[in-house]
> 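Structure provided below as structure tokens; questions to follow.
Below, chain A is the first sequence line, B the second, and so on; all start at residue 1.
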Amino acid sequence: MLLEITPRASQSISLTPLIDVVFILLLFFMLSSTFSKTRQLELEATSPGTQNLMTEVNRLLLLTENRADLNGTIYTVDSTTFSQQLSAIANADGAVTLAAHPTVRVQQTIHIIDSLRAAGIVQLDLSPSVSE
Amino acid sequence: MKIVATQQPVSQRSNLDNSMIPAINIVFLLLIFFMLAGHIETRDEQLHIPASSSDTELSPGELEIKVSASGDYRINGQSIDKDLQSTMAELRLSPQTVVICHIHRDLPSSALDPIILAVQKHGIKALQIATEHTL
């Protein structure tokens, strides 16, 4: 017996459900994904008196958001003279012990640590906050 | 009045679908971009870490201390009842322990004091502060 198979008419698939799903996925990834990456800042927190005696220890106190006391002299944080002082410390392989006034924000403390690192200071100690 | 629903002819529907293809292409490209370039992580509205230019990848630490905007301390995800130093004393830490601190950027620097003092007391040499990379 011969069977006659009639060819099926090709049915076009509607794109609308596909677009709906893709749009939902797009919205999900747009709203939930972040582009910022978490990094880390490495600091030393050695106890007072345990630092290497061979290196010169410079004391830096962050007084306000933009004023810092470096070895008894007050500087504006973003000034050229302050940057020059930091470069001089870095060239002499000096160490810096950093403390901040209790009211100074953590972000500003991190900002000054960034400046110290950028100047080339490797030995950096973080001390608890100091009132004066 | 009688409303008669007329069916769209197949050729007209097909034309509509074809005109949508460039839009779908762009949407697909955007989807692939967000899937590959972005990454999904848990967000804590109470903890915005400070920004820095540091480029060092965050390595997993043995001890993770989180300080939220309200000033609450959490050690390895668990909130602490006692002060930080006595809680850390119970953990029996060695000087080689890697301590990672996630601290809210707008907190005063004094919020770091208990961590620094605890780290110094245990003779831990290195303290890592988690930061957000800025260009």
> Which bit of A:Leu31 comes within less than 4.5 Å of chain B, counting heavy atoms only: side chain, backbone, both or neither?
backbone

> When rounded to the nearest 0.5 angstrom, what is the spacing between CD1 in B:Ile32 and CZ in A:Phe29?
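It comes to 11.0 Å.
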
> Give the cluster check for A:Ile24 versus B:Met35: same hydrophobic cluster or not, with ILVMFWY residues linked at side-chain heavy-atom distances below 4.5 Å.
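Each belongs to a different hydrophobic cluster.
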
> Counting heavy-atom pairs under 4.5 Å to chain B, which of A:Ile110, A:Thr103, A:Thr34 comes out on top?
A:Thr34

> Grouping I, L, V, M, F, W and Y whenever their side-chain heavy atoms are under 4.5 Å apart, do A:Met30 and B:Phe28 come out in a common cluster?
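Per the 4.5 Å side-chain linkage, A:Met30 and B:Phe28 are co-clustered.
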
> B:Ile49, B:Thr56, B:Ile103: which one forms the most heavy-atom pairs within less than 4.5 Å of chain A?
B:Thr56

> Drop me the distance from A:Thr38's OG1 to B:His102's NE2, to the nearest 0.5 angstrom.
7.5 Å

> Mark yes or no for whether B:Ser110, through its side chain, and A:Ser129, through its backbone, hold a donor-acceptor pair below 3.5 Å.
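No: the side chain of B:Ser110 does not pair with the backbone of A:Ser129.
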
> May I ask you to name which of B:Pro108, B:Ala111, B:Ala130, B:Cys101 has the most heavy-atom pairs under 4.5 Å with chain A?
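The residue among B:Pro108, B:Ala111, B:Ala130, B:Cys101 with the greatest pair count is B:Pro108.
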
> Quick check: does any side chain N or O of A:Gln107 sit under 3.5 Å from a backbone N or O of B:Ala51, one acting as donor and the other as acceptor?
yes

> Any donor and acceptor pair, going by atom type alone, linking the side chain of B:Ser54 with main-chain N or O of A:Gln40 inside 3.5 Å?
yes

> If you measure from CD on A:Glu42 to CD1 on B:Ile100, what distance do you get to the nearest 0.5 Å?
9.5 Å

> Measure the shortest side-chain to side-chain distance between A:Val22 and B:Leu31 over non-hydrogen atoms and say whether it is less than 4.5 angstrom.
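They are in side-chain contact.
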
> With chain B as the partner, which of A:Arg105, A:Arg39, A:Arg117 has the greatest number of non-hydrogen pairs under 4.5 Å?
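Maximum pair count with chain B is reached by A:Arg39.
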
> Roughly how far apart are A:Ser127 OG and B:Leu117 CG, rounded to 0.5 Å?
9.5 Å

> Closest approach of B:Gly38 and A:Phe35, non-hydrogen atoms and distance?
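That closest heavy-atom pairing would be N-CE2, 3.5 Å.
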
> Does B:Asp113 use its side chain to pair, donor to acceptor, with the backbone of A:Pro128 at less than 3.5 Å?
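No; judged by distance alone, with no hydrogens or angles, the pair does not exist.
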
> Checking side chain to side chain contact (heavy atoms under 4.5 Å, CB included) between B:Ile129 and each of A:Thr109, A:Leu43, A:Val106, which is the one that passes?
A:Leu43

> Please classify the contact between A:Ile19 and chain B as side chain, backbone, both or neither, with a heavy-atom cut-off of under 4.5 Å.
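Just the side chain, heavy atoms under 4.5 Å.
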
> Given the rule that I, L, V, M, F, W and Y join up when any side-chain heavy atoms are under 4.5 Å apart, are B:Leu84 and B:Ile124 in one cluster?
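As far as the 4.5 Å side-chain criterion goes, B:Ile124 and B:Leu84 are connected within one cluster.
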
> Only one of A:Val104, A:Val130, A:Leu126, A:Leu62 forms a side chain to side chain contact (heavy atoms under 4.5 Å, CB included) with B:Ser109, so which one is it?
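For B:Ser109, the side chain to side chain contact (heavy atoms under 4.5 Å, CB included) check succeeds only for A:Val104.
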
> Enter the distance from B:Ser52:OG to A:Asp114:CG here, rounded to the nearest 0.5 Å.
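So the gap between those two atoms works out to 4.5 Å.
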
> Rounded to the nearest 0.5 Å, how far does CG of B:Asp55 lie from CG of A:Leu41?
11.0 Å

> One pair to check against side chain to side chain contact (heavy atoms under 4.5 Å, CB included): A:Phe28 and B:Ile40. What are the steps and the verdict?
CA-CA 10 Å; A:Phe28 170 75; B:Ile40 297 164; 4.0 Å; yes

> With a 4.5 Å cut-off on side-chain heavy-atom distances among I, L, V, M, F, W and Y, is there a chain of contacts connecting B:Leu63 to B:Leu127?
yes

> Is A:Leu25 close to chain B through its backbone or its side chain, or both, or neither, when contacts mean heavy atoms under 4.5 Å?
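When you check distances to chain B, atoms from both the backbone and side chain of A:Leu25 fall under 4.5 Å.
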
> Under a 4.5 Å side-chain heavy-atom rule over Ile, Leu, Val, Met, Phe, Trp and Tyr, are B:Ile26 and A:Leu18 clustered together?
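B:Ile26 and A:Leu18: one cluster.
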
